[in-house]
Amino acid sequence: MITRRDFLKGMAASVALMTAGCTSRERGKVKTDSGEQQTAEKWVKGVCRYCGTGCGVLAGVTRGKIVAVKGDPECPVNKGRLCIKGILLPKIIDTKDRVKKPLIKKDGKFVEASWDEALNLIAEKFTSAVKEYGPDSVGFYGSGQTFAEETYVASKLFRAGFGTNNIDGNPRTCMASAVAGFLTTYGEDEPSGTYADIEAADTFFLIGSNLAEAHPVLFSRLVDRKNADPNKIKIIVADPRRTRTADIADYHLAFTPGRDLSMLNAMAYVIVTEGLTDEKFINEHTEFKMGQGDTMTYEQYKAFLQDYVPEKVSDAAGVPPEIIREIARLFADKNRNTMSMWCMGLNQRSRGVWVNNLVHNLHLITGKICRPGNTPFSLTGQPSACGSVREVGGLSHLLPCHRMVANAEHRKQMAELWRIPEERMPSKPGYHTLAMFKAAVEDKLKCLWVMTTNPGQSLPNLNYYRPGMEKTFLVVSEAYHPTRTSELADVVLPAALWMEKEGIYGNGERRTQHLAKAIDPPGEAKSDLWTLIEVTKRCGFPELVEGFTDDPATVFKEYQKCSVGTGMQLASYDRYKKEHGLTWPVLSDDAPETYIRYAEPWDPLVKPGEGIKFYGRPNGRAVIWLRPQQDPVEMPDKDYPYFLTTGRMLEHWHTGTMTFNVPELKSAAPEMYVEINPEDAAALGIKEDDLVNITSRRATCKMRAKLNGRGTPKPGVVYASFHDQVQERMINFVLLDAFDPGSKQPEYKVCAVRLSKA
Amino acid sequence: MAISGIIVKVQLGLLDEVKAVLDSMDNISVEAVSPNKEIVAVMESKSLDDMKKECFALEKIAGVIGVYPSFVTTEDEIEE
């Protein structure tokens with residue numbers, strides 16, 4: 001007879017053994033054979049609520065509460081493995097700051113209200129603003145954490161209802177440059193490969209990504225790959241800061257912030273001049289462009305690269321020329337498969353699109369794409385930034401299923417799908433994120449609805465933007481209150497969280513996944529889908545939500561129709577409920593998911609005999625772009641002599657609304673700190689844990705110094721994580737709000753600061 | 001009581017040393033070494049907070065690359 005505790009230990013061992021790929025013989029040694037005991041009354045299939053990896057999660061529910069969590073062993077993303085944040089997910093649910101009733105600010109104080117009162121107030125304010133100031137006086141700011149169905153209804157309400165494209169979302173701040181990079185290179189958004197390429201690649205080129213802390217489960221897959229053949233598998237990490245990811249690398253390139261364009265062009269120079277290119281691939285599948293799209297020749301590209309001889313650029317880039325040559329040869333080696341992975345270090349830049357283009361260039365000139373293990377792969381930061389924003393059309397220039405607002409044919413298609421006259425589809429792209437919040441500051445945006453995100457903490461240069469949020473009529477749909485945004489709101493709507501509702505997420509590898517409802521939300525909290533449908537009706541557009549209920553299947557059915565005939569066709573809702581995610585395109589419910597796009601035999605949109613076809617481009621050819629070095633907008637000078645760069649740490653996520661609510665995570669990292677290179681610290685007389693002023697032209701933050709923490713920036717660079725909620729440590733006050741002219745993504749990753757002991 | 005199943009990733013060549021450290025810990029039972037040379041173990045902690053602290057402490061052991069929980073329960077706190 002085994003005890004209950006023995007049984008639970010056996011269950012824990014069994015799950016871990018299975019996850020680690022141990023044999024049934026090893027698993028058989030574990031005592032779990034009581035037969036009658038169970039760890040939970042039921043297990044419910046979901047997806048992790050944090051990063052863009054999209055780990056499958058099984059939540060164990062007993063008496064209406066989630067009492068256990070395990071990784072979903074059948075989910076191909078994580079195969080049962082989770083990170084420390086994921087395993088503690090149930091702790092985000094029963095927190096003291098959950099909003100349980102609608103709140104309306106009256107005389108400067110929040111008071112509880114009924115749903116009717118709150119919804120009628122929102123409908124009255126938004127419709128009045130549209131009537132008095134026009135449709136562009138209202139806006140919606142969404143999130144890569146909503147479900148796809150929620151953003152879909154929001155998009156319909158604002159575009160087809162109010163008549164504005166003022167719908168944007170926080171993916172603008174995290175991966176708009178990746179979107180524009182894919183679009184300008186291939187004519188289609190999102191990666192050609194999937195995570196499965198990790199197990200097929202020999203050379204990994206990571207740039208602007210700290211996989212170990214930001215995507216820990218993918219990091220574990222990378223480590224597995226390395227350990228499978230440590231002499232053959234090579235990992236290159238390019239990052240101005242030495243990180244835990246760099247600890248396992250064969251090469252760590254601590255380049256000067258912003259000078260990676262030079263470094264990438266120098267790699268291309270080596271590849272071209274040393275004959276390491278794939279000439280057949282270049283001739284058959286690519287073309288050359290520069291500027292806004294001026295056609296160039298291969299010879300002109302070669303001439304352009306003459307400015308990037310490694311010896312010429314190495315000092316400015318901060319990487320020795322011989323190392324540039326070595327990694328270029330490794331990248332291009334014809335006997336190896338090469339996978340690039342990047343994240344915010346490339347995207348959050350004033351030339352984010354260009355630097356994305358330059359990574360694609362390396363794959364195109366070497367032909368290292370459209371084959372297993374060969375792919376340029378952008379990582380995403382939120383669980384459904386792709387599925388719920390990029391794909392649904394949750395940005396001001398996008399319509400559902402990768403259609404574009406500026407494309408008249410696409411607007412016509414959407415008018416037909418939404419059964420409205422074509423003239424009701426607004427043709428002018430709406431405000432991008434910073435423009436939207438600037439419009440609030442300038443009193444042009446009268447009403448703003450923020451859903452599942454926290455711009456009052458996450459925007460750069462916060463001193464400029466927060467007063468605008470306070471001035472406009474601000475609705476915040478959120479699970480927690482107060483946040484740095486809800487404190488500025490006029491109405492706070494209590495939102496169901498994570499597995500308190502059902503819906504669809506889409507992760508960074510084109511995988512569409514279903515989350516089932518596991519438990520009821522607290523108090524009067526409702527799904528955002530229900531709220532959006534109710535507001536749409538009360539604003540006088542019931543025809544837009546006819547047939548929609550708070551059952552997301554009713555909405556997904558229409559959304560799925562929008563995907564038919566596009567490059568991202570989706571399967572039916574019923575199929576997603578049964579599967580552990582599918583990577584699109586999926587052309588029917590009998591069809592398999594798609595591993596590699598643009599290539600036979602994987603992509604069903606490439607006809608037999610076509611081989612490789614970049615069908616997003618009119619001529620089927622991907623573009624190799626001539627993109628010169630351009631420095632960040634704010635470089636260090638005598639007054640502000642250090643680069644400041646920011647990022648994530650393992651224990652926390654985004655603005656900490658969830659992770660600072662988990663005592664175990666909060667106590668692990670109760671406050672953010674600034675990492676300083678020991679050489680710089682010595683010169684400034686700063687010691688470990690000293691309180692330091694970090695001052696930019698915009699603001700000052702005070703943080704404790706870490707000189708030998710989990711990361712070490714190169715001399716001249718300081719680093720801080722952005723999760724802290726305490727105002728004096730909210731580093732985004734210090735950051736610059738310059739943005740990429742193409743993607744409109746802010747340059748969070750580089751600005752200039754000075755340091756002093758506080 | 002928090003009971004968790006964990007996978008400990010180890011630098012190549014240091015598996016035996018790390019395993020010996022884990023074997024010596026009272027609240028950890030090493031179950032197996034996986035085909036990928038990872039240590040699979042069960043950890044018993046007083047609370048989730050302790051579980052988290054112990055995971056972070058494990059990551060500081062020389063040779064440990066990362067600690068990945070795959071299961072955790074506090075279910076035995078709910079007794080009939």
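So that the names make sense, note that chain A is the first sequence line, chain B the second, and so on, each numbered from 1.
- Looking at A:Ile66, there are no atoms closer than 4.5 Å to chain B (heavy atoms on both sides), in backbone or side chain.
- There is no contact between B:Gln11 and chain A, counting heavy-atom distances below 4.5 Å.
- You'll find the side chain of A:Arg81 reaches within 4.5 Å of the side chain of B:Glu38, heavy atoms only.
- Taking all atoms of both residues into account, the shortest heavy-atom contact from A:Cys83 to B:Pro69 is C-CD, 4.0 Å.
- If you take CE on B:Met51 and CG on A:Leu88, they are separated by 5.0 Å, rounding to the nearest 0.5 Å.
- Once rounded to the nearest 0.5 Å, the distance linking NZ of A:Lys9 with CE of B:Met1 reads 9.0 Å.
- Here A:Lys91 contributes atom NZ and B:Lys52 contributes atom NZ; the two are 11.0 Å apart, rounded to the nearest 0.5 Å.
- Neither the backbone nor the side chain of B:Lys37 comes within less than 4.5 Å of any heavy atom in chain A.
- There is no contact between A:Leu58 and chain B, counting heavy-atom distances below 4.5 Å.
- In this structure the side chain of A:Pro663 never reaches within 4.5 angstrom of the side chain of B:Asp49, judged on heavy atoms.
- Between B:Phe56 and A:Glu651 the shortest side-chain heavy-atom distance falls below 4.5 Å.
- Chain A forms the most heavy-atom pairs under 4.5 Å with one residue out of B:Val42, B:Leu48, B:Ile6, B:Ile7, and that residue is B:Leu48.
- For a residue to count as touching a neighbouring chain, one of its non-hydrogen atoms must lie under 4.5 Å from one of that chain's; by this rule A:Pro216 touches chain B with backbone and side chain alike.
- With a 4.5 angstrom heavy-atom cutoff, B:Val30 does not touch chain A via any of its atoms.
- Judged by distance alone, with hydrogens and angles left aside, the side-chain atoms of A:Arg244 form no donor-acceptor pair with the main-chain N or O of B:Gly66 at under 3.5 Å.
- With respect to chain A, the highest number of heavy-atom pairs below 4.5 Å among B:Val72, B:Ile65, B:Asn36 belongs to B:Val72.
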